[in-house]
> 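Take a look at this one; I'll ask things after.
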Amino acid sequence: LFSVKSEPGFIPYPDYNTAREIKVGSFYMDKFPVTNEQYYRFVRKSGYEPEDTTNYLRHWVDGKYPEGRENHPVVHIGLKDAKAYAAWAGKRLPTEIEWQYAAQGGNPEYAWPWGREFDSTACNNALGYPTAVDEFPPGASPFGLMDMTGNVWQMTSDMYDNGSYYFNIIKGGSHYKP
């Protein structure tokens, strides 16, 4: 069982203001987020073309990621694109609860993958640009998963319906500092 509770100040979807315990079944999750190189291999080998090309891989030039960015997380893809990659790789997106469990290592006292207190050296702390997925080893979760906080938002398979809109639940935060 894994205890879940929302923290004040976070977007309240879904609403976990009242702590609850949730049973988490066994699952696998990659150590690192999907990189530009991995996604490029997928596009090249599968011939994948997105339904919606608006902003799709807008940071790539002539169909490839910028030089030196092969180990950076892929960005500017949509939920369908992420699911297509996962299916091609024989995987799936984690649920929101699975992602949270993997980040906290089952310890509900952890506010961050590395513990209770924020450590600016453990993640991309609003640098204003994405970094390589293996750049912050001190930020590893108790399960050894990397780059779960700060660098880019990470998609889950869960959708939230507030009665007017559907939201894909994203986790982890972003390098972007508005």
Side-chain angles (χ1 to χ4, degrees), residues 1-35 38-39 42 50-52 55-56 72-119 122-126 130-131 133 136 139-178:
L1 292 175
F2 178 58
S3 180
V4 179
K5 185 172 187 328
S6 295
E7 293 295 321
F10 287 115
I11 299 170
Y13 300 119
D15 182 2
Y16 292 122
N17 286 321
T18 303
R20 61 185 87 159
E21 288 191 352
I22 298 172
K23 182 177 171 89
V24 179
S26 296
F27 65 97
Y28 289 99
M29 198 162 154
D30 288 350
K31 181 175 181 173
F32 299 101
V34 176
T35 64
Q38 290 171 306
Y39 197 82
F42 155 64
E51 290 179 24
D52 182 1
N55 290 324
Y56 177 72
H72 284 65
V74 69
V75 293
H76 300 296
I77 64 170
L79 180 60
K80 287 183 180 180
D81 309 321
K83 286 183 174 184
Y85 169 83
W88 174 82
K91 303 173 183 185
R92 65 173 175 81
L93 296 178
T95 66
E96 180 228 353
I97 293 299
E98 288 170 339
W99 190 98
Q100 195 66 43
Y101 181 75
Q104 290 179 278
N107 187 339
E109 299 298 315
Y110 275 24
W112 306 98
W114 53 84
R116 293 180 181 171
E117 301 297 322
F118 182 72
D119 177 353
C123 67
N124 181 333
N125 183 24
T131 54
V133 298
F136 296 96
S141 80
F143 293 124
L145 279 68
M146 304 294 295
D147 211 32
M148 297 192 82
T149 298
N151 206 6
V152 297
W153 289 110
Q154 298 178 19
M155 290 183 209
T156 71
S157 62
D158 287 348
M159 298 295 288
Y160 176 76
D161 176 4
N162 73 355
S164 298
Y165 301 99
Y166 290 100
F167 300 92
N168 173 232
I169 304 296
I170 56 177
K171 303 293 278 183
S174 172
H175 67 276
Y176 178 69
K177 186 176 181 181

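The figures here come from the full heavy-atom set of this structure, side chains too, leaving out hydrogens, waters and symmetry mates.
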> Write down the atom of Met148, the atom of Pro113, and the distance for their closest heavy-atom approach.
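Smallest interatomic distance, heavy atoms only, reads CB-CG, 4.1 Å.
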> Taking all non-hydrogen atoms of both residues into account, name the closest pair between Asp147 and Gln154 and its distance.
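Nearest pair, atom of Asp147 first, then Gln154: O-NE2, 2.7 Å.
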> Using the test side chain to side chain contact (heavy atoms under 4.5 Å, CB included), find all partners of Glu117 that sit at least two apart in sequence or belong to another chain.
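Partners of Glu117 by the side chain to side chain contact (heavy atoms under 4.5 Å, CB included) criterion come out as none, since no residue qualifies.
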> Identify the two heavy atoms, one from Gly139 and one from Trp114, that lie closest to each other, and give their separation to 0.1 Å.
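Closest pair (atom of Gly139, atom of Trp114, distance): CA-CE3, 3.5 Å.
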> Quick one, Ser141 and Tyr110 - any side-chain contact, counting heavy atoms below 4.5 Å?
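Result no, sub-4.5 Å side-chain heavy-atom pair not found.
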> For residues 80-88, dump all side-chain donor-acceptor pairs below 3.5 Å to protein atoms at least two apart in sequence or in another chain.
| residue | atom | partner | partner atom | Å |
| --- | --- | --- | --- | --- |
| Lys80 | NZ | Glu51 | OE1 | 3.0 |
| Asp81 | OD1 | Tyr48 | OH | 2.4 |
| Asp81 | OD2 | Gly78 | N | 2.7 |

> Mind checking what makes ring-ring contact (aromatic ring centres under 6.0 Å, His included) contact with Phe118, not counting sequence neighbours?
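Residues passing ring-ring contact (aromatic ring centres under 6.0 Å, His included) with Phe118: Trp112.
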> Starting at CG of Leu79, measure out to CD1 of Ile170 and round the result to the nearest 0.5 Å.
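If I round to the nearest 0.5 Å, the distance is 11.0 Å.
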> Taking Asn151 for its side chain and Thr131 for its backbone only, find out whether a donor-acceptor pair lies under 3.5 Å.
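The answer is yes, because a donor-acceptor pair under 3.5 Å joins these two groups.
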> Measure the shortest side-chain to side-chain distance between Ile77 and Met155 over non-hydrogen atoms and say whether it is less than 4.5 angstrom.
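They are in contact (side-chain heavy atoms under 4.5 Å apart), so the answer is yes.
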> At their closest point, which heavy atom of Phe27 faces which heavy atom of Glu98, and how far apart are they?
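Shortest heavy-atom contact: CZ-O, 3.4 Å.
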> Are Thr95 and Val24 packed together at the side-chain level, in the sense that at least one heavy-atom pair is separated by less than 4.5 angstrom?
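When only atoms from C-beta onward are counted, Val24 and Thr95 do not touch, as no gap falls below 4.5 Å.
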> Can you list the residues that meet the salt bridge (charged side-chain N to carboxylate O under 4.0 Å, His left out) rule with Asp30, with sequence neighbours excluded?
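By the salt bridge (charged side-chain N to carboxylate O under 4.0 Å, His left out) rule, Asp30 matches Lys91.
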> Where is the tightest heavy-atom contact between Gly106 and Phe143, given as atom of each residue plus distance?
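So the minimum-distance heavy-atom pair works out to N-CE1, 4.3 Å.
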> By side chain to side chain contact (heavy atoms under 4.5 Å, CB included), which residues pair with Ala140, not counting sequence neighbours?
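Per chain and number, Ala140 pairs via side chain to side chain contact (heavy atoms under 4.5 Å, CB included) with Met146.
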> List in chain and number order the residues that pass side chain to side chain contact (heavy atoms under 4.5 Å, CB included) with Thr156, two or more places apart in sequence or in another chain; answer none if no residue qualifies.
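With sequence neighbours excluded, Thr156 shows a side chain to side chain contact (heavy atoms under 4.5 Å, CB included) to Glu96, Trp99, Asp158, Asn168, Ile169, Lys171, given in chain and number order.
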> Measure across Gln104 and Pro142 and return the closest heavy-atom pair with its distance rounded to 0.1 Å.
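Shortest heavy-atom separation between Gln104 and Pro142 comes out as O-CG, 3.6 Å.
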